[in-house]
Amino acid sequence: MRKLYVLVLSVFLLALTTPASYAADNGSWSVYPVSTQIAARPYFYLSADPGQTLRDKVTVANKTGAPLTFRLYAADAYNTARDGGFAVRTVKERQLGVGAWAHPARSRVTVPAHGSVTVPFTLRVPEKAEPGDHPGALVALDERLESGDAATSSVAVQRAVGARIYLRVGGPTVPALAVEKVRISHHQPLVPGLGESGATVSYTLHNTGNVTLNPKVRLRAEGLFGRTLLSRGLTKVPSELLPGQRVRLTEPWHGAPQLDWGHVTLTASAPGTRESASTSFVALPWLMAVLAGAGIAAVVVIRARRGGTRPRPLGARRSGTRPWWLRVRRGRARPSVPVRASRPVRTTPSRRRSSPSARP
């Protein structure tokens, strides 16, 4: 049986009590930036101009009672499709940003039991690097495969922990946000009034700028005559929307109207940007929709029977009728009505001049 390999990556932040507690941690090992003389750093906050080279250090700590060996690599960050969480590329994926620019001094490191190892790394920003934010991480990957019962389990797990890197390349920054593909789906009871109704609003949040955003989204629904049905801020929004990333999100609407006509509007905002998008909706219970469809069908059948003929498709013509161009042509070729000849008009005879014209 082929096994499905899953990489479990931890890039979260724990309580801030000691320098080590700034680390991304999975309970067995942690990864964190080396503390400076001023204070401990929760993440790598770096800034550089195109063509500049930065140098820093990362620490890998082993919390178990046995030595552990890790693959150490840099990776690009992205937002997960499920909830927009912060995640990084695997070691086998193509890296385009920080993952391609940062290089640890050692690609593999063995950390003793209850010990730690500090590794320098170099980050070279290309000359043609685009300005703005380039998030990523330095990842310590345990390449061992963990699984349950080898005979029954089809999933093997690789665990990794990454220390986040927030790199900003010098140049103009453009915060920009877009709301795309707003949809609404209703969940109506079969019989009006019997059961609860609801709806699900789905939309795509897209960071079209070059800086990381902390978006806020507000949902507003209006019914007939502009009545406000719903107005609230949404909580299931990613805290960090990385540059160029799209996240598909959904929001439940409990108690949505069973019979109404209106539209919903989603407004996303962040410092320096604000964007809205809307979609219309028609709330109609299934039973009423079926009855309305049956009534329309009945009206069509009755009108067809009263007319004595079956309804013809649009553009069809009756048999035996001539095409319009032939009727027009024949109409032009008809002989004209004979007209009675008019009487000849008598001309007045000319008279001779009495004397020749005088010459000069």
Side-chain angles (χ1 to χ4, degrees), residues 1-16 18 20-33 42-44 58-100 102-119 121 135-166 236 238-242 245-250:
M1 179 183 297
R2 297 183 61 183
K3 290 189 177 183
L4 175 64
Y5 297 97
V6 179
L7 173 64
V8 179
L9 178 63
S10 300
V11 287
F12 53 86
L13 182 65
L14 298 184
L16 309 181
T18 64
S21 66
Y22 282 93
D25 191 321
N26 66 354
S28 298
W29 68 92
S30 59
V31 184
Y32 52 91
Y43 308 124
F44 289 101
V58 63
T59 298
V60 182
N62 181 3
K63 296 186 174 183
T64 68
L68 294 177
T69 300
F70 302 101
R71 170 76 179 271
L72 196 61
Y73 72 98
D76 296 338
Y78 66 96
N79 289 105
T80 60
R82 183 185 63 180
D83 56 3
F86 189 99
V88 298
R89 306 293 177 188
T90 65
V91 68
K92 295 183 179 180
E93 292 183 275
R94 184 184 179 188
Q95 313 291 344
L96 299 175
V98 167
H103 301 280
R106 298 162 60 183
S107 60
R108 280 183 172 79
V109 58
T110 298
V111 185
H114 302 292
S116 62
V117 174
T118 297
V119 180
F121 70 92
L138 278 169
V139 182
L141 167 67
D142 185 357
E143 295 182 303
R144 296 175 303 172
L145 300 178
E146 300 180 5
S147 60
D149 186 358
T152 59
S153 177
S154 61
V155 177
V157 176
Q158 284 185 324
R159 294 195 298 164
V161 177
R164 300 186 188 186
I165 297 176
Y166 292 98
K236 298 179 181 179
S239 59
E240 292 178 308
L241 188 59
L242 306 180
Q245 293 294 301
R246 287 185 176 91
V247 179
R248 188 69 179 171
L249 302 170
T250 59

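Residue numbers count from 1 along this sequence. Predicted model only: the values in this text are computed from it and were never measured.
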Open item on the list: Ring of Phe44, cation from Arg164 - is the NZ or CZ under 6.0 Å from the centre and inside 45° of the axis?
Closed with: no

TODO: Using the six-membered ring of Tyr78, assess whether NZ or CZ of Arg89 lies under 6.0 Å from its centre and within 45 degrees of the ring axis.
DONE: yes

Open item on the list: If you compare all heavy atoms of Asp25 against all heavy atoms of Val161, which two are closest, and at what distance to 0.1 Å?
Closed with: N-CG1, 4.0 Å

Open item on the list: Ignoring hydrogens, what is the shortest heavy-atom contact between Gly84 and Pro238? Give both atom names and the distance.
Closed with: O-CB, 3.4 Å

Open item on the list: Which heavy atom of Ala160 sits nearest to which heavy atom of Val139, and what is that distance?
Closed with: CB-CG1, 3.7 Å

Open item on the list: Is there a side chain to side chain contact (heavy atoms under 4.5 Å, CB included) between Val157 and Leu145? Walk through the geometry before answering.
Closed with: CA-CA 5 Å; Val157 176; Leu145 300 178; over 6 Å; no

Open item on the list: Given Val60, which partner from the list Thr110, Leu138, Val111 fulfils the side-chain contact (heavy atoms from CB on, under 4.5 Å) test?
Closed with: Val111

Task: Polar side chain donor-acceptor pair, Ser28 to Thr64, under 3.5 angstrom - done: no

TODO: With rounding to the nearest 0.5 Å, note down the distance linking OG in Ser116 to OH in Tyr32.
DONE: 5.0 Å

- [ ] Decide yes or no for Leu72 and Pro104: does some side-chain heavy atom of the first lie under 4.5 Å from some side-chain heavy atom of the second?
- [x] yes

- [ ] Take atom CZ of Arg248 as the centre, draw a 6.0 Å sphere, and report whether it contains more than 12 heavy atoms from other residues, nucleotides or ligands.
- [x] yes

Task: Main-chain N/O of Thr90 paired to Glu93 side chain as donor or acceptor, under 3.5 Å - done: yes

Open item on the list: Distance check, rounded to the nearest 0.5 Å: Leu141 atom CG versus Arg108 atom CZ?
Closed with: 9.0 Å

- [ ] Evaluate the criterion side chain to side chain donor-acceptor pair (under 3.5 Å) for residue pair Thr59 and Thr118; output intermediate values, then yes/no.
- [x] CA-CA 4 Å; Thr59 298; Thr118 297; 3.0 Å; yes

Task: Pairwise side-chain contact, Leu68 with Trp29, heavy-atom cut-off 4.5 Å (strictly under) - done: yes

Task: Nearest non-hydrogen partners of Arg94 and Asp76, listed with the distance - done: O-OD2, 4.5 Å

Task: Closest heavy-atom pair and its distance - Ala87, Thr80 - done: CB-CG2, 3.6 Å

Open item on the list: Working note: Arg71 + Val91, criterion side chain to side chain contact (heavy atoms under 4.5 Å, CB included); need CA distance, chi angles, decisive distance, verdict.
Closed with: CA-CA 9 Å; Arg71 170 76 179 271; Val91 68; 3.6 Å; yes

Task: Under 3.5 Å side-chain donor-acceptor pair for Tyr166 and Glu240 - done: yes

Task: Main-chain N/O of Glu143 paired to Gln158 side chain as donor or acceptor, under 3.5 Å - done: yes

- [ ] Give a yes or no on whether the backbone of Phe86 and the side-chain of Asn79 come within a donor-acceptor separation of less than 3.5 Å.
- [x] no

Task: Check: Asn26 side chain, Ser30 main-chain N or O, donor-acceptor pair, under 3.5 Å - done: no

Task: Least distance between heavy atoms, Asp142 atom then Thr69 atom - done: OD1-O, 4.0 Å

Task: Contacts of Arg246 that satisfy salt bridge (charged side-chain N to carboxylate O under 4.0 Å, His left out) - sequence neighbours left out - done: Glu180

